[in-house]
A.B. asks: 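Below are the structure tokens for one structure; questions will follow.
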Amino acid sequence: MPFIFSLLTLIVLFRFLMLRKHPFPLKVFQFMYIPLVPILSCLVMTDIPALFFFFASQLALLHFVHISEKQNHVALVYAFLSGILVGMSCWVRQPFLVALGASVYLLFTAGSRLEKLCIINYVITASIVAAILFFLWGGLASPAWNGNMLPSGEAVGRRSFLFLSVILALAHGSLIYAIYDPGFLLRGKKIILGTIMLSLIVVFLSDHLTTYDLRDTLPLKFVVRRVLPQPFWYVYETAAAVLFLALVPLFTFHLSAKFINEADRIVKYLYFVSALFFLAVGKMEHGYSSRYVLPAVSVLVLIHFLKEESADNFPKLLRIFLGGTLGIVIALDYLGIIAKLQLP
């Protein structure tokens with residue numbers, strides 16, 4: 001079922017680029033090669049269906065923004081539809097609710113009274129749709145989930161904001177985003193060395209002053225443990241943890257510079273959405289998982305599609321292919337298919 005929603009998401013993104021008059025709308029097929037997409041498309045997870053409803057809502061939002069500029073009141077219908085769809089994405093994955101916060105930017109930059117009405121309509125409709133489910137649950141999560149996943153007596157939403165989860169999300173996000181736009185890695189040697197030294201200090205302090213081991217969240221950790229002998233595990237995981245964290249400031253500054261220099265109002269709005277998705281990871285109730293990064297990274301990849309109006313070169317296509325292949329291999333491993341293969 002998630003795989004079907006992945007294909008539907010492709011159609012929605014294709015329509016999004018067509019509406020923006022993009023010269024290469026078929027770029028959207030690269031969405032399937034975001035490493036997390038093949039993994040989550042093969043597992044019984046709610047991430048991909050929620051992503052479909054969210055992007056469908058953003059397509060309707062783009063419609064009402066364009067139509068409201070022509071003072072056509074059909075825009076209100078699209079705003080209502082957009083609100084329903086983003087509300088449905090919240091039904092599937094509650095963190096998608098934070099995307100409504102980015103509509104404040106659209107409201108303050110709206111060019112007409114009709115567009116402001118559309119944005120208000122969108123927010124109110126989405127809030128009502130999401131509130132219906134929360135009312136039935138009696139909280140922000142299913143009563144069954146609350147009872148099974150959290151310690152006894154602890155309510156959903158009561159845990160403090162975990163800044164470390166946001167850092168890990170940015171680190172994972174930077175690795176995936178680098179497949180499409182590795183420009184943030186091409187900084188001066190002093191900046192790169194400075195970030196590596198900073199992350200080395202962070203890893204050292206986490207080893208000696210906290211109970212949290214940054215190595216537990218490394219990508220491909222278990223794959224490497226199958227390939228390398230045990231004496232090399234600690235060396236690899238320490239070096240990888242340092243480089244992993246070093247990506248965060250490079251990635252953050254790169255996106256901040258792009259946001260500041262961006263003139264397109266819709267693209268700036270999408271940057272706000274992605275930032276809110278990254279921050280939402282800090283409020284996940286039962287720890288951190290790399291799959292929580294998918295909404296934020298998917299929005300960044302969509303922004304990349306919108307801004308990249310030239311044909312892709314071979315090195316980029318190769319990076320995307322290898323990233324997608326890696327995702328497929330990990331998905332097959334999760335499903336136990338690789339373990340069943342009798343390799344020589």
Side-chain angles (χ1 to χ4, degrees), residues 4-31 48-93 96-130 259 262-277 295-296 298-309:
I4 295 175
F5 278 102
S6 294
L7 297 179
L8 292 174
T9 304
L10 277 183
I11 297 173
V12 169
L13 292 175
F14 179 79
R15 286 292 306 144
F16 198 102
L17 292 192
M18 288 291 290
L19 190 59
R20 294 275 298 189
K21 296 181 172 56
H22 196 285
F24 297 99
L26 291 178
K27 280 178 179 281
V28 295
F29 284 96
Q30 297 173 10
F31 167 79
I48 299 295
L51 200 63
F52 161 71
F53 286 118
F54 171 73
F55 277 131
S57 75
Q58 299 309 288
L59 177 60
L61 182 148
L62 187 61
H63 270 290
F64 81 64
V65 168
H66 284 185
I67 295 175
S68 64
E69 293 173 356
K70 303 173 183 177
Q71 295 301 307
N72 188 332
H73 284 74
V74 176
L76 290 168
V77 177
Y78 279 107
F80 180 71
L81 176 62
S82 181
I84 291 176
L85 288 168
V86 79
M88 291 177 68
S89 73
C90 297
W91 279 36
V92 184
R93 291 281 300 157
F96 278 83
L97 186 64
V98 302
L100 292 178
S103 60
V104 174
Y105 169 76
L106 287 180
L107 185 64
F108 281 105
T109 58
S112 67
R113 182 173 177 272
L114 176 59
E115 185 179 349
K116 290 181 179 180
L117 288 175
C118 288
I119 295 167
I120 294 171
N121 181 358
Y122 158 70
V123 173
I124 292 176
T125 303
S127 300
I128 291 174
V129 173
F259 172 80
E262 183 56 57
D264 190 313
R265 179 167 164 259
I266 294 298
V267 172
K268 271 203 167 185
Y269 159 75
L270 291 174
Y271 273 121
F272 274 120
V273 171
S274 181
L276 290 172
F277 281 150
S298 297
V299 173
L300 289 178
V301 171
L302 174 58
I303 292 173
H304 179 69
F305 290 159
L306 292 173
K307 302 302 292 183
E308 186 80 10
E309 296 188 348

A.B. asks: If I compare all heavy atoms of A99 with all of V273, which pair ends up nearest, and what's the gap?
C.D. replies: CB-CG1, 4.3 Å
A.B. asks: Hey, are the side chains of H22 and F14 touching, using non-hydrogen atoms and a 4.5 Å cut-off?
C.D. replies: no
A.B. asks: Could you check whether N72 and S68, counting side-chain N and O atoms only, form a donor-acceptor pair closer than 3.5 Å?
C.D. replies: no
A.B. asks: Is the side chain of S103 donor-acceptor paired with the backbone N or O of L106 at a distance under 3.5 Å, no angle test?
C.D. replies: no
A.B. asks: Determine, stepwise, if the pair R265 / Y105 fulfils side-chain contact (heavy atoms from CB on, under 4.5 Å).
C.D. replies: CA-CA 9 Å; R265 179 167 164 259; Y105 169 76; 4.0 Å; yes
A.B. asks: Nearest 0.5 Å, what's the CD1-NZ distance between I303 and K268?
C.D. replies: 12.0 Å
A.B. asks: Check whether any side-chain heavy atom of F272 lies under 4.5 Å from a side-chain heavy atom of F259, and answer yes or no.
C.D. replies: yes
A.B. asks: For I128 and I124, run side-chain contact (heavy atoms from CB on, under 4.5 Å): C-alpha distance rounded to whole Å, both residues' side-chain angles, the deciding distance at 0.1 Å, then the answer.
C.D. replies: CA-CA 6 Å; I128 291 174; I124 292 176; 3.8 Å; yes
A.B. asks: Mind checking the OH-CG spacing from Y271 to D264? Nearest 0.5 Å is all I need.
C.D. replies: 10.5 Å
A.B. asks: Mark yes or no for whether R15, through its side chain, and L59, through its backbone, hold a donor-acceptor pair below 3.5 Å.
C.D. replies: no
A.B. asks: Answer yes or no: is there a side-chain heavy-atom contact under 4.5 Å between V86 and S89?
C.D. replies: yes
A.B. asks: Describe, in one word, how the ring planes of F54 and F96 are oriented to each other, choosing from parallel (under 30°), tilted (30 to 60°) and perpendicular (over 60°).
C.D. replies: tilted
A.B. asks: Can a donor-acceptor pair be found, under 3.5 Å and without considering hydrogens, that links the side chain of S274 to the backbone of A296?
C.D. replies: yes
A.B. asks: With heavy-atom distances below 4.5 Å as the criterion, would you say the side chains of L306 and L270 are in contact?
C.D. replies: yes
A.B. asks: Is the shortest heavy-atom distance from the side chain of V301 to the side chain of Q30 under 4.5 Å?
C.D. replies: no
A.B. asks: Partners of K307 by salt bridge (charged side-chain N to carboxylate O under 4.0 Å, His left out), sequence neighbours excluded?
C.D. replies: E262
A.B. asks: Would a 4.5 Å heavy-atom cut-off, applied to side chains only, mark L76 and L114 as touching?
C.D. replies: yes
A.B. asks: Can you tell me how far the OG1 atom of T125 sits from the CG atom of L100, to the nearest 0.5 Å?
C.D. replies: 10.5 Å
A.B. asks: According to side-chain contact (heavy atoms from CB on, under 4.5 Å), who are the partners of A130, at least two apart in sequence or on a separate chain?
C.D. replies: C90, L97, F134
A.B. asks: Please find the pair of heavy atoms, one from F305 and one from K27, that lie closest to each other, and give the distance.
C.D. replies: CZ-O, 3.4 Å
A.B. asks: Can you tell me how far apart OG1 (T109) and NZ (K116) are? Round to the nearest 0.5 Å.
C.D. replies: 9.5 Å
A.B. asks: Anything under 30° is parallel, anything over 60° is perpendicular, the rest tilted; go ahead and classify F5 against F52.
C.D. replies: tilted
A.B. asks: Before giving the answer on side-chain contact (heavy atoms from CB on, under 4.5 Å), spell out for L302 and F55 the whole-Å C-alpha distance, their side-chain angles and the decisive distance to 0.1 Å.
C.D. replies: CA-CA 10 Å; L302 174 58; F55 277 131; 3.8 Å; yes
A.B. asks: What's the verdict on side-chain contact (heavy atoms from CB on, under 4.5 Å) for I266 and R20, showing C-alpha distance, side-chain angles and the deciding distance?
C.D. replies: CA-CA 10 Å; I266 294 298; R20 294 275 298 189; 3.6 Å; yes
A.B. asks: Starting at CD1 of I48, measure out to OG of S298 and round the result to the nearest 0.5 Å.
C.D. replies: 7.0 Å
A.B. asks: Within this structure, what is the OG-CD1 distance for the pair S82 and I119, rounded to the nearest 0.5 Å?
C.D. replies: 10.5 Å
A.B. asks: Given F53, which partner from the list M88, R93, Q58 fulfils the side chain to side chain contact (heavy atoms under 4.5 Å, CB included) test?
C.D. replies: M88
A.B. asks: Quick test of your reading: applying ring-ring contact (aromatic ring centres under 6.0 Å, His included), list the pairs with at least one residue in residues 64-92, sequence neighbours left out, ordered by first then second residue.
C.D. replies: H63-Y78
